[in-house]
Amino acid sequence: MGFLRISAAEAASLIKNGDNIALSGFTPAGTPKAVTAELAKVAHSEHEAGRPFQVGIFTGASTGQSCDGLLSEEHAIKYRAPYTTNATFRKCVNKGEIAYNDIHLSQMAQELRYGFMGDVDWAILEVCAIEDDGRVYLTSAGGISPSAAALAKKGIILELNAFHSTKSIGLHDVYQPLDPPNRKVIPIEHPGDRIGTTYLQIDPKKIVGVVETNLPDEARSFADGDPVTNKIGENVAHFLMFDVRRGIIPKSFLPLQSGVGITANAILAALGNNPEVPDFNIYTEVLQNAIVDLMRKGRVKSASTCSLTVTNDVLQGIYDDIDLFKDRLVIRPSEISNSPEVIRRLGVIAINTAIEVDIYGHVNSTQICGTKMMNGIGGSEDFERNAYMSIFTCSSVAKCGMISSIVPFCSHIDHTEHDVNVIITEQGIADLRGKSPMERAKAIIENCAHPDYKNLLWDYLKIADKGHSSHKLSAAFAMHDTFLREGDMKLTDFAQYVK
């Protein structure tokens, strides 16, 4: 049977004020783009007419401008979970205009199934092929698509996107675990293991329409590494090989996970260029350009991911060279790519980026000065807390040196000291394993802080009230407060806090 073909505008007209929408994709990769853009137009018209129009949005991770951007501009988002990177959305969140639920990405699909966030009215999924029996083939990401399709009460809208080649069929491994108390072991014992199907099976009766499109992913490109990020990458590679040489990491190495951005690409490049580093496997949530390059060079043997978060030219290169990638690359749903069970079993080495780190090893990865959301926690804690080794990286300073990334106390804590093994900046490496709080403080200040801030951080410890973790509560956020008032943390004077 053939499914009804409808326009993006017709599809958007089905969605009503107050509805909750679940989307395919993970980052801008694989997200529907046509229907959400038309939905922004609906919101604009409704608001001009003086009528309310807002929807709830559930995703795998961030989306692109055609969803988070356009809908935020039209004030059409009432509730949103989980991760996002859109600048307009961020402004609305920080103004208190959007109820934003920042949760771990591994939990998103299951919390929808558990009913924690209310009903899912509509699922909008981007696909590259559809079969009459309801088999659909996803595009460049796994995300929460299986749960979205299963939960949609009013129907499923498919965006059949010709931009994505059907050559990609076979890359996906679609698997949804049972919910408690019936959940079984997720049987992944190697990063490349396949345990599901190449397609998503949905009920044909739930498909209300197919929107034909030809729209590229709204991919972000990252700048080349600079001296700071390159040095961080070198420090990571040297540290890991030091642990290999002393037998902490097996000589055969372990699977790696890395975050998103310039620093992550620099780290992967440094690992790939270090002749001591053996060829390795990737088990991650996001696959970037650098990993694709390393796969072509044979340095990455296999890669498991939730999302091909690559530039469109690199994505097309994967499609064109599918024979090279089809047996070495697997795309999973986010609750599998980020599964704590699997991450711990495989012994993944997790490497993610911090906004700031305090002297005892707590990490803030989401909020500026404790109040302004940047992007969200994403999947970093899924990996870091369950990793064989958890590493956080950041530059030692930000804003042209006006902000120290090493502070007395994080203004917001996403990752506690208990989940953080190693801190690495361009200045050096602080190995926190086996250390008491005061030992951690000395290692972080001495090895990771910028020279402009070392003495200031030592000054804080001198005035701190002594304890298992020494702090002066009245001065713990003095560096943040000084920056907010005077624009430069270096102007902090801890002497004023001495009674």
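Note that these values count all heavy atoms, side chains included, but never hydrogens, waters or copies made by symmetry. All residue numbers in this chain count up from 1 along the given sequence.
Ring centers of F409 and H480: at least 6.0 Å apart, outside the cut-off. Annotation: Y460 is not in aromatic contact with Y497 [ring centroid separation under 6.0 Å not met].
Closest heavy-atom contact between I406 and A449: CG1-CA, 3.9 Å. Heavy-atom minimum distance, A475 versus I463: CB-CD1, 4.1 Å. Here the closest non-hydrogen pair linking E234 and A270 is N-CB, 3.8 Å. The minimum heavy-atom distance between T311 and A219, with the atom names listed, is CA-CB, 4.0 Å. Taking both residues in full, the closest heavy atoms of A22 and V120 are given as CB-CG1, 3.7 Å, listed atom of the first, atom of the second, then distance. Taking both residues in full, the closest heavy atoms of T284 and S337 are given as O-CB, 3.8 Å, listed atom of the first, atom of the second, then distance.
To the nearest 0.5 Å, atom OG of residue S395 and atom CD1 of residue I232 are 6.0 Å apart. Residue L240 holds its CG atom at 9.5 Å from CG of N274, rounded to the nearest 0.5 Å. Atom CE of M489 is separated from atom CG of L456 by 9.5 Å, given to the nearest 0.5 angstrom. The NE2 atom of H190 sits 10.5 Å away from atom OG of S304, with the distance rounded to the nearest 0.5 Å. Between atom NZ of residue K472 and atom CZ of residue F477 there is a gap of 15.5 Å, rounded to the nearest 0.5 Å. Residue Y100 holds its OH atom at 9.5 Å from CD1 of I103, rounded to the nearest 0.5 Å.
Between the side chains of E426 and N235, no donor N or O sits under 3.5 Å from an acceptor N or O. Defined by atom type and a distance below 3.5 Å, a donor-acceptor pair is present between the side-chain atoms of R113 and S147. D68 and N86 share no donor-acceptor pair across their side chains, judged by distance under 3.5 Å alone. No hydrogens or angles considered: nothing links the side chains of Q54 and E74 as a donor-acceptor pair under 3.5 Å. Inspection of the D217 and S140 side chains reveals an N or O donor paired with an N or O acceptor under 3.5 Å. Judged purely by distance below 3.5 Å, without hydrogens or angles, the side chains of E381 and H415 pair a donor atom with an acceptor atom. Counting only N and O atoms by type, the side chains of E285 and S307 include no donor and acceptor under 3.5 Å apart. Side-chain atoms of N364 and H362 include no donor-acceptor pair closer than 3.5 Å. No side-chain donor from either of T85 and R90 sits under 3.5 Å from a side-chain acceptor of the other. S404 and H450 share no side-chain donor-acceptor pair at under 3.5 Å. A donor-acceptor contact closer than 3.5 angstrom links the side chains of N352 and Q257. Side chains of T88 and S72: no donor on one and acceptor on the other come within 3.5 Å. Residues T139 and E126 have side chains that bring a donor and an acceptor to within less than 3.5 angstrom of each other. In this structure, a donor-acceptor pair under 3.5 Å is absent between the side chains of T425 and S396. With no hydrogens or angles considered, no side-chain donor-acceptor pair links D102 and Y83 at under 3.5 Å.
A donor-acceptor pair under 3.5 Å links the side-chain atoms of K435 to the main chain of D431, judged by distance alone. With hydrogens and angles ignored, the 3.5 Å screen pairs a side-chain donor or acceptor of Y360 with a backbone N or O of S470. Although no hydrogens or angles enter the test, the distance criterion places no donor-acceptor pair under 3.5 Å between the side chain of R183 and the main chain of P177. Checking side-chain atoms of E439 against main-chain N and O of S436 turns up a donor-acceptor pair under 3.5 Å. Looking only at distances, a side-chain donor or acceptor of N230 sits under 3.5 Å from a matching main-chain atom of D226. Listed for the Q316 side chain is no donor-acceptor partner under 3.5 Å among the backbone atoms of D313. Side-chain N or O atoms of H47 include one that pairs as donor or acceptor with a backbone N or O of A43 at under 3.5 Å.
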Check: Would Y79 and M117 count as a side-chain contact (heavy atoms from CB on, under 4.5 Å) if you check the C-alpha gap in whole Å, the side-chain angles of each, and the deciding distance to 0.1 Å?
Finding: CA-CA 10 Å; Y79 175 94; M117 288 177 257; 3.2 Å; yes
Notebook entry, point to check: Could you go step by step and tell me if S411 and Q367 meet the side-chain hydrogen bond (donor to acceptor under 3.5 Å, both in side chains) rule?
Noted result: CA-CA 8 Å; S411 58; Q367 300 195 28; over 6 Å; no
Next item on the list: Go through the steps to decide whether T305 and V330 satisfy the test side-chain contact (heavy atoms from CB on, under 4.5 Å), and finish with yes or no.
Entry: CA-CA 6 Å; T305 186; V330 56; over 6 Å; no
Notebook entry, point to check: Given E276 and R245, is the salt bridge (charged side-chain N to carboxylate O under 4.0 Å, His left out) satisfied, shown in steps?
Noted result: CA-CA 10 Å; E276 283 191 89; R245 288 192 296 272; 2.8 Å; yes
Next item on the list: Report the C-alpha distance between D419 and S390 in whole Å, list the side-chain angles of each, state the deciding distance to 0.1 Å, and finish with yes or no for side-chain hydrogen bond (donor to acceptor under 3.5 Å, both in side chains).
Entry: CA-CA 7 Å; D419 301 331; S390 62; over 6 Å; no
Next item on the list: Report the C-alpha separation of E446 and K454 in whole Å, then their side-chain angles, then the decisive distance to 0.1 Å, and conclude whether the salt bridge (charged side-chain N to carboxylate O under 4.0 Å, His left out) test is met.
Entry: CA-CA 7 Å; E446 194 56 37; K454 274 188 182 181; 3.6 Å; yes
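Annotation: side chain of H104 is in contact with side chain of D382 (closest heavy-atom distance under 4.5 Å). Taking the side chain as every heavy atom from C-beta outward, R332 and I188 approach each other to under 4.5 Å. For the pair H468 and M438, the minimum side-chain heavy-atom distance is 4.5 Å or more. Proximity of F53 to V42: side-chain heavy atoms (C-beta onward) are separated by under 4.5 Å at one or more points. Looking at heavy atoms from C-beta onward, N281 lies out of side-chain contact with L346 at the 4.5 angstrom threshold. Contact check for V342 versus R345: side-chain heavy atoms found under the 4.5 Å cut-off. In this structure, the side chains of L329 and L308 come closer than 4.5 Å at one or more pairs of heavy atoms. The shortest side-chain heavy-atom distance between E384 and V420 does not fall under the 4.5 Å cut-off.
More than 12 heavy-atom neighbours from other residues, nucleotides or ligands sit within 6.0 angstrom of NZ on K490. Environment of NZ in K466: crowded, with over 12 heavy atoms of neighbouring residues, nucleotides or ligands closer than 6.0 Å. At most 12 non-hydrogen atoms from other residues, nucleotides or ligands lie less than 6.0 angstrom from NZ of K91. Environment of NZ in K78: sparse, with no more than 12 heavy atoms of neighbouring residues, nucleotides or ligands closer than 6.0 Å. Summarising the local packing, CZ of R385 is surrounded by 12 or fewer heavy atoms from other residues, nucleotides or ligands at distances under 6.0 Å.
Checked against V310 for a side chain to side chain contact (heavy atoms under 4.5 Å, CB included), the options V286, N289, I291, T27 give a single hit: N289.
Under the 4.0 Å criterion applied to side-chain N and carboxylate O atoms, D488 and K399 are not assigned as salt-bridge partners.
Partners of R299 by salt bridge (charged side-chain N to carboxylate O under 4.0 Å, His left out), not counting sequence neighbours, listed by chain and number: D279.
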